[in-house]
**Student:** 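First the structure, then my questions, so here it is.
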Amino acid sequence: GLDMGNFSSYIGVARGGGVEIIANEYSIVLLRKKEKIFPNIQLIFFVFFCRTYVTFERLTRSIGQASKAMEVTHAKNTISNFKRLIGRRFHDSHVQQEKQLNSYSIIEGNNGSVNIEVKRNVFFVVVFFLSIIFVVSGRLSWERKRFTPEQITGIMFTKLKQITDTELKTKAVDCVIGVCVILKDRF
């Protein structure tokens, strides 16, 4: 089961008659490092959640803990707290309030829907062949990309599924998704 929150998400797996909250890949890396460096010491603190953050870079996107780490350097392209925008219209008072609180751009989409806009810088390289001399020329341009909160949610669910598949060492086929009660009025 998945529970996606505004800032962190949890993954629960039915095992042995109960539900076990599984660790994310960041926690697993920490655990492996600890086992190599301090094999006889018990690990008390263990991170069982995945950060609900998505960062768009030049050609890639970072999700989870890697994205959270980039929040300061890529503030306008790091999206978190987007769950509050799901199913709302752009002119809704809650959306207008969220616009003031978030560093990323919340803009009006088609038919008054909410869109999140990120800017990615793209570096174009052109190589000129002049006899034997190679001349490399490049320019930086900005590409604007729009996403709906539902698309960002889909990106996050994809990451959570990857974490689940890695932890289970098999493909997860059935899933229960926790949905906030307030969302029932928006659809």
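Any value given below was found using the heavy atoms of this structure, including those in side chains, with hydrogens, waters and symmetry copies removed. Every value quoted in this text rests on a predicted model; they were computed, and no experiment measured them.
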**Student:** Please round to the nearest 0.5 Å and tell me the distance separating atom OG of S8 and atom CG of D3.
**Tutor:**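 If I round to the nearest 0.5 Å, the distance is 8.0 Å.
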**Student:** Any side-chain heavy atom of L85 sitting closer than 4.5 Å to one from I116?
**Tutor:**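 They are in side-chain contact.
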**Student:** Does any non-hydrogen side-chain atom of I177 lie less than 4.5 Å from one of F157?
**Tutor:**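 SC-SC contact between F157 and I177 confirmed.
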**Student:** Do C175 and L2 have side-chain heavy atoms sitting under 4.5 Å apart?
**Tutor:** yes
**Student:** Without swapping roles, check the side chain of S67 against the backbone of T55 for a donor-acceptor pair under 3.5 Å.
**Tutor:**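 Answer holds: yes.
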**Student:** Rounded to the nearest 0.5 Å, how far apart are CD of E108 and CD of E117?
**Tutor:** 13.0 Å
**Student:** Atom NZ in K159, atom CE in M4: separation rounded to 0.5 Å?
**Tutor:** 15.0 Å
**Student:** Compare all side-chain heavy atoms of F56 with those of K145 and state whether any distance is below 4.5 angstrom.
**Tutor:** no
**Student:** Report the distance from atom CD1 of I11 to atom CD of E167, rounding to the nearest 0.5 Å.
**Tutor:** 8.5 Å
**Student:** Cluster question for you: counting only ILVMFWY and a side-chain heavy-atom cut-off of under 4.5 Å, with indirect links fine, are M70 and I155 together?
**Tutor:**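 Looking at the clustering, I155 is in a separate group from M70.
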**Student:** Mark yes or no for whether N102, through its side chain, and Y104, through its backbone, hold a donor-acceptor pair below 3.5 Å.
**Tutor:**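 Side chain of N102 to backbone of Y104: no pair is present.
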**Student:** Could you tell me which non-hydrogen atom of E150 sits nearest to which non-hydrogen atom of G87, and how far apart they are?
**Tutor:**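 Heavy-atom minimum between the residues: OE2-N, 3.1 Å.
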**Student:** When you compare the side chain of M156 with that of Y53, does any pair of heavy atoms fall below 4.5 Å?
**Tutor:** no
**Student:** Examine distances only and state if a side-chain atom of Q97 and a backbone atom of D92 form a donor-acceptor pair shorter than 3.5 Å.
**Tutor:**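 Not confirmed, Q97 side chain does not pair with D92 backbone.
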**Student:** To the nearest 0.5 Å, what is the distance between CG on D165 and NZ on K161?
**Tutor:**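 Output value for this atom pair is 3.5 Å.
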**Student:** Is there a side-chain contact between N115 and F90 (heavy atoms, below 4.5 Å)?
**Tutor:** no
**Student:** Look up atom NZ in K83 and atom CD1 in I152, then write down how far apart they are to the nearest 0.5 Å.
**Tutor:**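 Output value for this atom pair is 15.5 Å.
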**Student:** With heavy-atom distances below 4.5 Å as the criterion, would you say the side chains of V118 and K76 are in contact?
**Tutor:** no
**Student:** Counting only N and O atoms by type, is there a donor-acceptor contact under 3.5 Å from the side chain of E71 to the main-chain atoms of I79?
**Tutor:** no
**Student:** A side-chain contact here means heavy atoms from C-beta on lying under 4.5 Å apart; do V13 and V19 qualify?
**Tutor:** no
